Amino acid sequence: MQALTSELNVDQVLDTVLQYLGQVTPYQAAFVVLQNSEGMHLKASRGLQELGDKMICPGQDCPLLSLPDNEPQRFSNDEGWPFTRCLPGLPRFASGIALPLRARGRRMGFLVFFANPSQIYSDADAQLAQTFADQAAIALENAHLYEQAVHMSITDALTGLYNRRKFFNLAGQELERSQRYQTPFSVVTLDVDWFKKVNDTYGHDMGDQALREVSSRLRAGVRSVDVVARIGGEEFAILLPETSLEEARQVAERLRFGFANQAVVWRDQQVLITASFGVTAIDDECTDLEMMMKRADQALYRAKQTGRNRVVAFTDPVG
């Protein structure tokens with residue numbers, strides 16, 4: 001129990017559960033499936049080949065959902081074990097046990113294990129293992145809550161993007177990496193044009209939808225290694241590792257063009273949302289994050305002052 005409760009990472013808790021289960025009740029193979037709105041998800045296993053992290057039983061018709069959630073169930077291959085239908089290719093076994101993982105009055109999933117062909121589990125084995133599973137579920141729930149708290153502390157609630165605090169933390173890391181390996185690094189800031197007018201005309205619900213749509217398009221329009229964050233009300237920023245100023249300008253222009261040519265649909269209305277962009281990159285005169293962000297903001301200000309719905313790089317002539 002000390003080993004379980006000392007972990008606050010879900011994957012580490014699951015690994016510890018499978019490790020210590022073998023000391024409580026010896027097994028040939030074991031796995032954990034967790035339940036969510038989409039179905040049952042295989043999260044960890046031992047003694048089974050090629051069973052990675054994957055959905056094994058999608059939808060509300062999953063046979064595992066009909067299993068009791070308040071007591072262990074003993075099975076054998078010959079009894080039509082429901083896990084065999086969800087995980088075809090399981091090895092033959094004489095006896096298996098499915099332990100419901102319960103926390104805060106709800107079932108989170110199952111801890112499942114089975115014996116070698118010559119071993120038969122008893123009711124006493126099942127009850128002992130369930131006592132262990134009940135403690136494991138509490139540890140797993142605590143790890144979930146901790147990860148949710150960490151996620152909320154670095155994530156913008158409306159858009160799901162990183163927040164300002166996380167953005168600057170990651171920006172500092174990327175800048176340091178760029179300087180160490182002498183690679184290009186760029187930052188793009190953008191601001192939704194006339195956002196107050198959108199709120200005043202269509203209401204704040206439409207404004208929130210517009211911000212979510214902007215966030216979705218930004219994520220879809222950059223690479224997986226790039227970082228997108230909401231750093232203010234209608235202001236966003238993008239970190240572009242190993243990207244030159246001109247390449248960053250092209251990224252920003254592609255995003256700007258997408259906004260300007262695809263309206264946001266809101267209650268059968270099409271509302272055109274545009275954005276202004278400021279672009280900068282690390283160079284010999286710009287070597288710290290504060291200066292990079294100041295340059296990007298200056299370029300963004302010039303984009304807004306010269307008509308909005310445009311991309312301006314810090315190095316562009318003022319005229």
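Please read all numbers here as calculations on a predicted model, not as lab measurements.
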ask   = Quick one: do the Q209 and D205 side chains pair a donor with an acceptor below 3.5 Å?
value = no
message = Could you check whether any side-chain N or O of S216 sits under 3.5 Å from a backbone N or O of R212, counting only pairs where one atom can act as donor and the other as acceptor?
response = no
task = Could you tell me whether R104 and E141 make a salt bridge, using a distance below 4.0 angstrom between a side-chain N and a carboxylate O?
result = yes
Worked check of side chain to side chain contact (heavy atoms under 4.5 Å, CB included) between I282 and Q179 = CA-CA 9 Å; I282 187 172; Q179 292 171 331; 3.7 Å; yes
ask   = Would you say V33 and H41 make side-chain contact, with heavy atoms under 4.5 Å?
value = no
query = Got W194 and R308 here, is their nearest side-chain heavy-atom distance under 4.5 Å?
reply = yes
query = Side chain of T280, backbone of M292: donor and acceptor closer than 3.5 Å?
reply = no
message = Tell me whether N261 contacts the main-chain N or O of G258 through its side chain, where contact means a donor paired with an acceptor under 3.5 Å.
response = no
Gap separating the OH atom of Y181 from the CD atom of E176, nearest 0.5 angstrom = 9.5 Å
inquiry  = Apply side-chain hydrogen bond (donor to acceptor under 3.5 Å, both in side chains) to residues S276 and D193 and explain how you reach the verdict.
reply    = CA-CA 7 Å; S276 302; D193 295 331; 2.6 Å; yes
task = Kindly determine whether R102 and N70 satisfy side-chain hydrogen bond (donor to acceptor under 3.5 Å, both in side chains), including the steps that lead there.
result = CA-CA 8 Å; R102 305 165 298 190; N70 58 356; 5.5 Å; no
key: Between E247 and S244, a side-chain donor and acceptor under 3.5 Å   = yes
query = So, the side chain of D156 versus the backbone of N163: is there a donor-acceptor pair under 3.5 Å, distance only?
reply = no
message = Please check this pair: side chain of T201 against backbone of V198, looking for a donor-acceptor N/O pair closer than 3.5 Å.
response = no
inquiry  = I want to know whether Y121 and F114 have ring centres closer than 6.0 Å.
reply    = no
key: Electrostatic pair E242-R223, nearest N-O below 4.0 angstrom   = no
remark   = F277 meets the ring pair (Phe, Tyr, Trp, His ring centres under 6.0 Å) criterion, sequence neighbours left out, with none
key: Modelled atom types, side-chain donor and acceptor of D125 and S122, under 3.5 Å   = yes
request  = Without swapping roles, check the side chain of Y27 against the backbone of L18 for a donor-acceptor pair under 3.5 Å.
outcome  = yes
inquiry  = For the backbone of A143 and the side chain of E7, can you confirm whether one donor and one acceptor N or O come within less than 3.5 Å of each other?
reply    = no
request  = Say whether, by atom type as modelled, one donor and one acceptor occur between the side chain of T306 and the main chain of R302 under 3.5 angstrom.
outcome  = yes
Residue pair D200, K196: steps toward the salt bridge (charged side-chain N to carboxylate O under 4.0 Å, His left out) verdict = CA-CA 6 Å; D200 292 344; K196 183 179 184 303; 2.8 Å; yes
inquiry  = For the CG atom of D283 and the CZ atom of F185, what is their distance to the nearest 0.5 Å?
reply    = 12.5 Å
task = Report the distance from atom CG of L101 to atom CZ of R106, rounding to the nearest 0.5 Å.
result = 10.5 Å
ask   = Side chains of E213 and I273: closer than 4.5 Å at any heavy-atom pair?
value = no
message = Determine whether a donor-acceptor pair (N or O, by modelled atom type, separation under 3.5 Å) exists between the side chain of R230 and the backbone of T159.
response = no
note = Here the gap from T183 atom OG1 to R177 atom CZ, rounded to the nearest 0.5 Å, amounts to 5.5 Å
ask   = How many angstroms lie between CD in Q250 and CG in L245, if you round to the nearest 0.5 Å?
value = 10.0 Å
query = Is the backbone of P100 close enough, under 3.5 Å, to the side chain of Q130 for a donor and an acceptor to pair up by distance?
reply = yes
message = Could you tell me if D123 and Q127 have a donor-acceptor pair between their side chains, going purely by distance under 3.5 Å?
response = no
Distance, nearest 0.5 Å, that separates OG1 of T131 from CG of L99 = 9.5 Å
